[in-house]
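Structure, as structure tokens:
As a basis for the values below, the full set of heavy atoms in this structure was taken, side chains included, without hydrogen atoms, waters or symmetry mates. What you are looking at is a predicted structure, and each value in this text was computed from that prediction instead of being measured. A, B, ... follow the sequence lines: proteins, then strands. Residue 1 opens every chain.
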2 protein chains.
Amino acid sequence: MSKTPKRPLTLRDVSEASGVSEMTVSRVLRGLGDVSEATRARVQEAASRLGYVPNRIAGALASNRVNLVAVVIPSLGNMVFPEVLSGISEGLEGSGLQPVVGFTDYLPEREEKALFEMLSWRPSGVIVAGLEHSEASRAMLARAGVPVVEIMDVDGEAIDAVVGISHVRAGREMADAILAAGYRRIGFLGTKMPLDYRARKRLEGFRARLAEAGVGIEDQEFYEGGSALLKGREMTQAILARSPDLDFLYYSNDMIGAGGLLWLLGKGVAIPDRVGLAGFNRIELLDGLPRRLATMDACRREIGLRAAAIVAARRADPSLPGAERVELTPTIEPGDTLRRRPGAAPDPRA
Amino acid sequence: MSKTPKRPLTLRDVSEASGVSEMTVSRVLRGLGDVSEATRARVQEAASRLGYVPNRIAGALASNRVNLVAVVIPSLGNMVFPEVLSGISEGLEGSGLQPVVGFTDYLPEREEKALFEMLSWRPSGVIVAGLEHSEASRAMLARAGVPVVEIMDVDGEAIDAVVGISHVRAGREMADAILAAGYRRIGFLGTKMPLDYRARKRLEGFRARLAEAGVGIEDQEFYEGGSALLKGREMTQAILARSPDLDFLYYSNDMIGAGGLLWLLGKGVAIPDRVGLAGFNRIELLDGLPRRLATMDACRREIGLRAAAIVAARRADPSLPGAERVELTPTIEPGDTLRRRPGAAPDPRA
DNA sequence: GTGAAAGCGCTAACAT
DNA sequence: ATGTTAGCGCTTTCAC
């Protein structure tokens, strides 16, 4: 190497190296037209020879445009958000936009902080999980002046656009399927997190629908932290020790459901006749289990795709009306753990 | 609301609203000293009443400081990087730095693009997975003028700092443990990805150590895409159908290993006597399986922690020498799928 | 097709 | 303890 400048290179360096004005260099590097082929070639050559990396900070300040989309999600632990993220990445492809992720750990104050941090970079859009936010968070989002897409959930009031499923309805439909299959003594197993609103809404819809049929949740079990698969085993053992008459276990997510399934299979319990099982999320892992757990697809990837598409579309055409509302419809997959009674009411979604 | 300004607020707005100069407002908002309590209070009040969100773009340009750390990793699919990420987040806590993640999908050209994008925001540091990069990527990193920490792997030449484990050694030590347990007819099951250098290095070390003992890999099976758990089942079935005499299966990751374990248990195969098994990564999922798969902890969380600590330390004190090298030592966990022969050579790491 | 001037919103450095 | 001035590296606008 000839020299190792500690200072990052600027447009001016490329300008001097190529003998072309800064302005024209900028045009070439941004791929704008109206530059002669000869000039373009000289500039490109100089830029790549020097290893110039543009300073987006300066560019963004001058142009008032930032190619970043803020994505604020609870965590990466539970298999659900990685898939949403990959949907977002895919949906942003070709738009020139880039996702930047922040995490909340399901804590409102962390959400607030994450939003503040991200908004301070003036992103071109915000995609945020859930409809429940602190007052301050809502205020920030409302004033951000860019598209805001709340994802995962549609049960509530949106700030701007929303893309998701109804978790209340998801719970209700699973209750329908379970009742239709003839189960009546139902246990629920879930997470302790009081701030996981979507899990709560599913339970709420589930419980309400059961109640309409005169059925109650006979026993429940909650966990927190640790390996979900292991917790699923432990909770299943515990709930059945306490309430051996249960004939169905509804798990708030597939991972604990899978744990329960493995434990029951190990015990030689007849599934789905003696006990039926269902989870939620349709995680890929289920494909590798000895039996297929009944579940419900949460449309995670498509949620990401659609949310990204909204941000990209509005950036391309800021005159769009906004406040888009996309409600996706999850479908029940009965798998092998939900009894199919010949005489039972048919699944309305066939 | 009184008014809804489409234009984001600036320091000047807060200055006017509070009757304090922009400079002093800036001081208050950045928490610098030498401001009277009265002024501070007035400024804080005005800022939060207006809902001011600072413009980091302008701040970064003026101060030449950016509180972002670029993190470039292959993907989020395989359980390994979420944990690294959470280690990074934790390690960055209190430093004022924020991780920003980019994905490569194990493709060098995507890595190059991700690095270029991130470096154009002039982050305070770069944490990148692996030691293998394109020429252009290496050049960018070398010229970035900020700490660069290559993580996960130490087998190769680092650009600056490196934090990881030796995958060659990990493969070799697993081979040692398997040989010591008395297995001799060994099969390997892994991923097809030719660009997963770490998996390749493990296999390389594994094969080399076996060869030293005069043992070969008798059969192998590779997969790509799909549910790893399911692929593990399928590959296990396939390899044993073809080579029924194998007495050990070494999986390149725990997820396929778990699939194999479940399949073998379902078939009633005696584990670890008839067939022994081992994976790699020590994923949490293993805790919930009927038997504990033998595995090796990849120290993912600690790698993230240490890498973050290096970036934070060097930012706090730029005079630090750099080129830190941290080699972590993974430990074998024999679980229930690696036979323990009383007379066998003892584990040197006991 | 190319260039010169102004300024994006902040902060460093220097007053006072 | 507070204010003033200059300028970060680019893009916008307008001139040629």
*With sequence neighbours excluded, what pairs up with R49(B) under the salt bridge (Lys or Arg N to Asp or Glu O under 4.0 Å) test?*
E45(B)
*Could you verify whether a donor N or O on one side chain and an acceptor N or O on the other, from S86(A) and R301(A), lie under 3.5 Å apart?*
yes
*Residues of residues 31-47 of chain B with any non-hydrogen atom less than 4.0 angstrom from an atom of DNA chain C: list those, numerically ordered, please.*
none
_Taking E111(A) first and then R138(A), would you say they form a salt bridge - that is, a charged N and a carboxylate O separated by under 4.0 Å?_
no
_Please determine whether a side-chain nitrogen of the Lys or Arg among K113(A) and E109(A) lies less than 4.0 Å from a carboxylate oxygen of the Asp or Glu._
no
*Before accepting this row, confirm whether a basic side-chain N of the pair D160(B)/R314(B) lies closer than 4.0 Å to the acidic partner's carboxylate O.*
yes
*Letter per nucleotide, 5' to 3', of nucleotides 6-11 of chain D [B base touched, S only sugar-phosphate touched, - untouched; heavy atoms, 4.0 Å]*: -BBBBB
*From CA spacing to verdict: side-chain hydrogen bond (donor to acceptor under 3.5 Å, both in side chains), E150(A), H133(A)*: CA-CA 10 Å; E150(A) 290 167 284; H133(A) 314 287; 2.7 Å; yes
_Please determine whether a side-chain nitrogen of the Lys or Arg among R110(A) and D105(A) lies less than 4.0 Å from a carboxylate oxygen of the Asp or Glu._
yes
_Range on DNA chain C touched by chain A - first to last nucleotide, heavy-atom distance under 4.0 Å_ = dG1(C) to dG9(C)
*asked:* For a quick check under 3.5 Å, do S26(A) and R30(A) share a side-chain donor-acceptor pair by atom type?
replied: yes
*Residues forming a side-chain hydrogen bond (donor to acceptor under 3.5 Å, both in side chains) with N67(A), sequence neighbours excluded*: E117(B)
*For the helix from dG1(C)-dC16(D) to dT16(C)-dA1(D), what is the angle between the axes at its two ends, each from 5 pairs, rounded to 10°?*
30°
*Can a salt bridge be assigned to the pair D13(B) and R7(B) using a cut-off of 4.0 Å between side-chain N and carboxylate O?*
yes
_NZ/NE/NH1/NH2 to OD/OE distance under 4.0 Å, E16(A) and R12(A)_ = yes
*Does a side-chain N-to-carboxylate-O contact under 4.0 Å join E327(A) and R325(A)?*
yes
